[in-house]
S.K.: 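First, the structure itself, so that you have it in front of you.
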Amino acid sequence: MKKRKQKQYDDDNIIVLEDVVKVYSENTPALDGVSLTIKRGEFVFIVGDSGSGKSTLIKLLLRELVPTEGRIIVNGQNVAKLRRRKIPKFRRNIGVVFQDFRLLNNRNVYENVAFAQRIVQVPNKEIKRNVPHVLSIVGLAGKYKARTTQLSGGEQQRVALARALVNNPPIILADEPTGNLDPNNSWEIMKLFEEINEQGTTVVVVTHNREIVNAMRKRVIAMKKGVIVSDEEKGGYVDED
């Protein structure tokens with residue numbers, strides 16, 4: 001048994017959950033014995049209704065929470081055993097994109113992206129090179145001086161994606177990234193995620209967008225009431241009724 005578990009933690013596996021339980025209150029597990037493995041370079045959708053455990057899973061991967069039971073390995077590190085002072089460095093290896101963008105509205109596009117580099121003390125010379133490059137990747141090279149409040153929802157999400165990418169993390173976590181976007185902008189954002197994935201970045205997307213999941217035919221992990229109910233390569237959106 002020990003040999004089998006040890007094999008899971010090879011370098012190909014960037015995320016490993018083993019029998020993970022998370023309990024917020026007695027008798028109510030948000031996650032109930034979840035085990036899964038995500039390989040480096042995979043593109044994975046996580047789907048499920050509200051209360052299925054998706055948000056808890058994301059928070060555990062970011063070390064905002066620790067599991068009640070079980071083990072979580074992210075990029076070779078045992079998340080629960082991280083000392084508090086090492087958490088910021090751990091999170092540099094994870095780019096995060098949220099539904100509500102979470103931009104700094106008192107700063108322009110360039111400064112929003114540069115902020116992610118300044119907090120990890122990247123030299124100004126490198127920031128001046130990296131920020132324009134990543135803005136060009138997301139199609140915003142000409143908008144670097146614009147205030148975020150002047151941008152459309154799709155453009156704001158592109159800024160959020162650029163900010164998540166600028167430190168070149170091996171993992172991107174996206175929590176409902178198209179939730180506040182119209183269909184056209186939703187597809188544009190998902191195409192960007194796919195292009196990023198094709199460059200080798202592991203992409204994990206939590207979503208309710210049935211059309212996108214069914215069309216893209218990636219790996220789909222479906223959750224319900226804290227457990228994984230299906231896990232399919234080239235899967236589709238799973239009805240939970």
S.K.: Between H208 and G48 (side chain of the first, backbone of the second, donor and acceptor by atom type, cut-off under 3.5 Å), is there such a pair?
M.R.: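 A pair under 3.5 Å: yes.
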S.K.: Is it true that K191 and E188 have a side-chain N and a carboxylate O under 4.0 angstrom from each other?
M.R.: yes
S.K.: Between the main-chain N or O of I127 and the side-chain N or O of R118, is there a donor-acceptor pair closer than 3.5 Å?
M.R.: no
S.K.: Ignoring hydrogens and angles, tell me if any N or O in the side chain of K218 forms a donor-acceptor pair with the backbone of G235 under 3.5 Å.
M.R.: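 Here the side-chain-to-backbone pair does not exist.
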S.K.: Not counting sequence neighbours, which residues clear side chain to side chain donor-acceptor pair (under 3.5 Å) with E42? List them please.
M.R.: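 Partners of E42 by the side chain to side chain donor-acceptor pair (under 3.5 Å) criterion, ordered by chain and then number, come out as R219.
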S.K.: With a 3.5 Å distance limit and no angle check, can you tell me whether E126 reaches the backbone of P123 through a side-chain donor-acceptor pair?
M.R.: no
S.K.: V206 and E176: side chain to side chain contact (heavy atoms under 4.5 Å, CB included), yes or no, with the steps?
M.R.: CA-CA 5 Å; V206 171; E176 299 287 358; 4.2 Å; yes
S.K.: Within a strict 4.5 Å, meaning less than it, do heavy atoms of the T207 and I212 side chains meet?
M.R.: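 Contact flag for T207/I212 side chains = no.
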S.K.: Are the side chain of N167 and the backbone N or O of A116 linked by a donor-acceptor pair below 3.5 Å?
M.R.: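 Side chain of N167 to backbone of A116: a pair is present.
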S.K.: Are V66 and F90 co-members of a hydrophobic cluster defined by side-chain heavy atoms under 4.5 Å apart?
M.R.: no
S.K.: Are L151 and V166 connected in a single hydrophobic cluster, I mean Ile/Leu/Val/Met/Phe/Trp/Tyr linked by side-chain heavy atoms less than 4.5 Å apart?
M.R.: yes
S.K.: Going through the checks in order, is the side chain to side chain contact (heavy atoms under 4.5 Å, CB included) test met by L60 and V79?
M.R.: CA-CA 8 Å; L60 287 166; V79 173; over 6 Å; no
S.K.: Among I15, I171, N13, N75, which residue meets the side chain to side chain contact (heavy atoms under 4.5 Å, CB included) test with R40?
M.R.: N75
S.K.: Any sub-3.5 Å donor-acceptor pair from T201's side-chain atoms to N197's backbone N or O?
M.R.: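 It does not hold such a pair.
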S.K.: With no hydrogens and no angle check, is any side-chain donor or acceptor of T56 less than 3.5 Å from a backbone partner on A30?
M.R.: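 Not confirmed, T56 side chain does not pair with A30 backbone.
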S.K.: Given side chain to side chain contact (heavy atoms under 4.5 Å, CB included), test I172 with L165 step by step and report yes or no.
M.R.: CA-CA 8 Å; I172 294 287; L165 286 172; 3.9 Å; yes
S.K.: For V16, is there any backbone N or O sitting under 3.5 Å from a side-chain donor or acceptor partner on T37?
M.R.: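 Not confirmed, T37 side chain does not pair with V16 backbone.
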S.K.: Would you find a donor on one side and an acceptor on the other, under 3.5 Å apart, between the side chain of R71 and the backbone of V20?
M.R.: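 No: the side chain of R71 does not pair with the backbone of V20.
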S.K.: Do V23 and I228 share a hydrophobic cluster (ILVMFWY, side-chain heavy atoms under 4.5 Å, transitive)?
M.R.: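 No.
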S.K.: Please tell me whether D175 and Q99 have a donor and an acceptor in their side chains that are separated by less than 3.5 angstrom.
M.R.: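 Side-chain D/A pair, D175 to Q99: absent.
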S.K.: Within the distance-only criterion (no hydrogens, no angle test), does the side chain of E111 pair as donor or acceptor with the backbone N or O of Y144 below 3.5 angstrom?
M.R.: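 Looks like no, no N/O pair under 3.5 Å.
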S.K.: Do we see a donor-acceptor contact under 3.5 Å between the side chains of N130 and Q117?
M.R.: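 There is such a pair between these side chains.
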S.K.: Look at the side-chain heavy atoms of Ile, Leu, Val, Met, Phe, Trp and Tyr, link any pair under 4.5 Å apart, and say whether V21 and M223 land in one connected group.
M.R.: no
